[in-house]
Amino acid sequence: AEDASGKTIASGESGVDDASVIQSAIDVGGLIKITKGEYVLSKDIYIGDNTLLAGEGIGSTIIKSTGGWIRSKAEQTNTYVYNVQLRNFQFDGQYNSVSVMLRATRNVIIENLYVKNCDNDGISVRIKDSLQSANVIITKCIVEQCATVPLEAAHCEGFAIISNCAVINPYVGTSFYHAISVEASENAMVSNNEIVGNADTRSGQYAGININRLSGAICANNKIYSFYRGVICYGSEDCEINSNLIVDSFQGIAIGGETGDISQNILVIGNHIKTVENGGVYVYGSSHADIIANRIENITGSNSRGINIWSASKPCIIKNNIIKSAASYGITHADDGTTEIGEISGNYIESGYYAIHDSRSGITIIKKNILAGSNKNIYTINGIVKENYGYTTENSGTATFSGDGTTTQFSIAHGLVSAPTKVQVTPMTADAASDFYVTADDTNIYINYLTAPAAGTDNLKFSWYAEV
């Protein structure tokens with residue numbers, strides 16, 4: 001191992017007691033450069049204050065563990081460790097229960113590491129007892145075949161950023177939870193990561209990204225493949241889930257919580273969710289979510305939903321989403337027990353059963369949606385349904401007939417989804433202005449004259465308006 005000037009500060013025969021040699025270099029502090037080669041870690045090494053531990057690059061500096069972890073000296077001293085950087089080396093756990101784990105460490109940068117084959121976390125920065133880590137950046141790392149939580153920042157003050165990383169083929173070994181997890185941290189961002197799961201992560205209740213008990217977090221521009229849930233946001237508030245690609249999941253994005261620990265004010269915008277079994281966006285135990293301009297396609301389950309609002313304590317705003325090839329429901333919104341106004345508008349929906357199913361007791365504005373599937377039904381209890389293409393609830397026009405002196409009833413096809421409750425017919429010619437009354441059924445408006453109007457060509461003209 002060399003210091004910043006290139007001076008050798010610790011050395012030994014490669015593969016023989018490498019942990020002790022590396023530890024003696026770390027104890028000097030400052031920049032510690034581990035030169036090209038393979039090193040065996042048979043016991044834990046502990047990183048102290050003001051230390052930059054750097055290799056010569058992935059594939060050049062390779063540390064193979066036979067049981068040794070890379071840890072913070074906080075594990076030994078039970079005090080904070082400050083200013084730690086890990087860069088440019090490979091850590092192979094060889095399927096031992098080991099990890100790169102820094103606890104109670106503040107001002108952390110972990111960059112360009114390749115961590116693989118750990119039957120434990122891959123890279124983790126987290127709390128120790130009551131000592132929170134702080135100001136954490138994990139970037140440009142690859143974590144492959146690691147278990148538990150391959151990439152984690154938990155209980156971090158200041159900020160916690162995980163960006164431009166790849167988590168590949170997580171190992172569902174002794175335990176596994178989520179591929180990337182940020183929990184109970186301040187100013188969190190999870191962005192531009194690629195996460196590739198497998199049959200195990202797809203079938204178990206695992207998430208590609210877990211946002212847990214955060215405020216103001218951003219989860220953006222990630223690519224997530226083959227997880228039970230793409231993104232789960234639990235017990236968080238004022239967070240944004242933006243522009244992620246999620247492919248092959250049971251639920252694409254799940255926003256959840258429970259009494260006393262609900263998610264609230266979550267913005268889900270601009271995500272692309274493909275090939276989902278149960279629901280594209282699923283909201284439960286939460287208070288208000290804006291679900292805007294997402295593309296959700298190929299929703300395959302027999303009781304699936306493109307967007308499903310369930311057990312929410314406030315209504316959601318659902319606008320300008322594209323839902324294609326939904327085998328069952330397009331959008332569902334269960335009752336939230338409030339009188340607040342909700343909105344479902346501007347969505348494009350292809351569904352096999354109900355396009356929109358709104359069972360709120362409060363008012364939901366359902367307007368300007370395009371219903372293009374095999375079933376264009378809308379169900380609502382107290383919704384205001386207007387101006388939806390494919391589900392016409394109001395229509396108007398003009399109609400012209402020729403009287404023959406004997407016919408007393410003339411019909412106008414109104415084109416509505418059901419019989420109108422409001423009909424207005426106005427005569428536009430003198431012959432049409434005789435006494436009449438109006439009736440309607442599911443198909444037509446009927447103009448019924450008390451006395452047959454005069455014969456003539458196109459002498460009966462009306463303007464009409466009808467509304468369900």
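Index from 1, following the sequence. As the structure is a prediction and not an experimental result, all values here were calculated from the model.
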Under the 3.5 angstrom rule, does the side chain of [X] hit a backbone N or O of [Y] as a donor-acceptor pair?
X    : Y    : result
R103 : M101 : no
S286 : Y284 : yes
R106 : V84  : no
N198 : P170 : yes
S24  : I22  : no
N377 : A355 : no
T201 : F227 : no
N88  : A54  : no
S263 : E237 : no
R87  : I109 : no

Yes or no on side chain to side chain contact (heavy atoms under 4.5 Å, CB included) for I331 and R305, after CA distance, side-chain angles and deciding distance?
CA-CA 6 Å; I331 296 171; R305 279 104 163 125; over 6 Å; no
Can you see whether [X] engages [Y] through a side-chain donor-acceptor pair at a distance of less than 3.5 angstrom?
X    : Y    : value
E240 : N242 : yes
Y348 : E350 : yes
T61  : K33  : no
D358 : T364 : yes
T332 : N308 : yes
K128 : N78  : yes
S99  : D121 : no
N83  : N50  : yes
Q145 : N117 : no

Could you tell me whether [X] and [Y] have a side-chain N and a carboxylate O separated by less than 4.0 Å?
X    : Y    : value
K367 : E343 : no
D27  : K73  : yes
R295 : E297 : yes
D44  : R71  : yes

Test log, rule side chain to side chain donor-acceptor pair (under 3.5 Å), inputs H333 and D335:
CA-CA 7 Å; H333 199 318; D335 191 20; over 6 Å; no
Do Y95 and Y171 have ring centroids that are under 6.0 Å from one another?
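Distance test on ring centres: under 6.0 Å, yes.
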Approximate separation, where rounding is to 0.5 Å, of [X] [atom1] and [Y] [atom2]:
X    : Y    : atom1 : atom2 : value
L131 : D129 : CG    : CG    : 6.5 Å
S133 : R126 : OG    : CZ    : 9.5 Å
K116 : Q90  : NZ    : CD    : 5.0 Å
I291 : N271 : CD1   : CG    : 10.5 Å
I110 : I123 : CD1   : CD1   : 5.5 Å
S163 : I138 : OG    : CD1   : 9.5 Å

Side chains of [X] and [Y] in contact at under 4.5 Å (non-hydrogen atoms):
X    : Y    : answer
T380 : I366 : yes
R202 : D248 : yes
V231 : I224 : yes
N222 : L245 : no
I241 : I266 : yes
I162 : N193 : yes
I307 : I323 : yes
I63  : I34  : yes

Sole candidate of V115, I70, N112 that passes side-chain contact (heavy atoms from CB on, under 4.5 Å) when paired with F89
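In the set V115, I70, N112, the residue that makes a side-chain contact (heavy atoms from CB on, under 4.5 Å) with F89 is I70.
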Residue from I246, V167, N244 passing side-chain contact (heavy atoms from CB on, under 4.5 Å) with I195:
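With I195 as partner, I246, V167, N244 yield a single side-chain contact (heavy atoms from CB on, under 4.5 Å), made by V167.
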Determine the minimum heavy-atom distance between [X] and [Y], stating which atoms define it.
X    : Y    : answer
S249 : G230 : CB-N, 4.3 Å
I309 : C316 : CG2-SG, 3.6 Å
A160 : A153 : CB-CB, 4.0 Å
S65  : F91  : CB-CZ, 3.8 Å
I318 : N347 : O-ND2, 3.1 Å
P315 : H288 : O-ND1, 3.0 Å

Kindly determine whether L102 and V108 satisfy side chain to side chain contact (heavy atoms under 4.5 Å, CB included), including the steps that lead there.
CA-CA 9 Å; L102 303 180; V108 177; 3.9 Å; yes
When you look at [atom1] of [X], are more than 12 heavy atoms from neighbouring residues, nucleotides or ligands closer to it than 6.0 Å?
X    : atom1 : answer
Y282 : OH    : yes
I363 : CD1   : no
Y46  : OH    : yes

Go through the steps to decide whether N375 and S351 satisfy the test side chain to side chain donor-acceptor pair (under 3.5 Å), and finish with yes or no.
CA-CA 6 Å; N375 196 317; S351 62; 5.9 Å; no
L416 and V468: CA distance, side-chain angles, deciding distance, side chain to side chain contact (heavy atoms under 4.5 Å, CB included) verdict
CA-CA 7 Å; L416 304 181; V468 173; 4.0 Å; yes
Aromatic rings F176 and Y206: how do their planes relate, parallel, tilted or perpendicular, breaks at 30° and 60°?
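Answer is perpendicular, since the angle exceeds 60°.
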Could you label the plane-to-plane angle of the Y329 and Y353 rings as parallel, tilted or perpendicular, counting under 30° as parallel and over 60° as perpendicular?
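Geometry flag for Y353 against Y329: perpendicular rings.
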Please step through side chain to side chain contact (heavy atoms under 4.5 Å, CB included) for the pair I47 and L53, ending with a clear verdict.
CA-CA 8 Å; I47 312 295; L53 182 64; 4.0 Å; yes
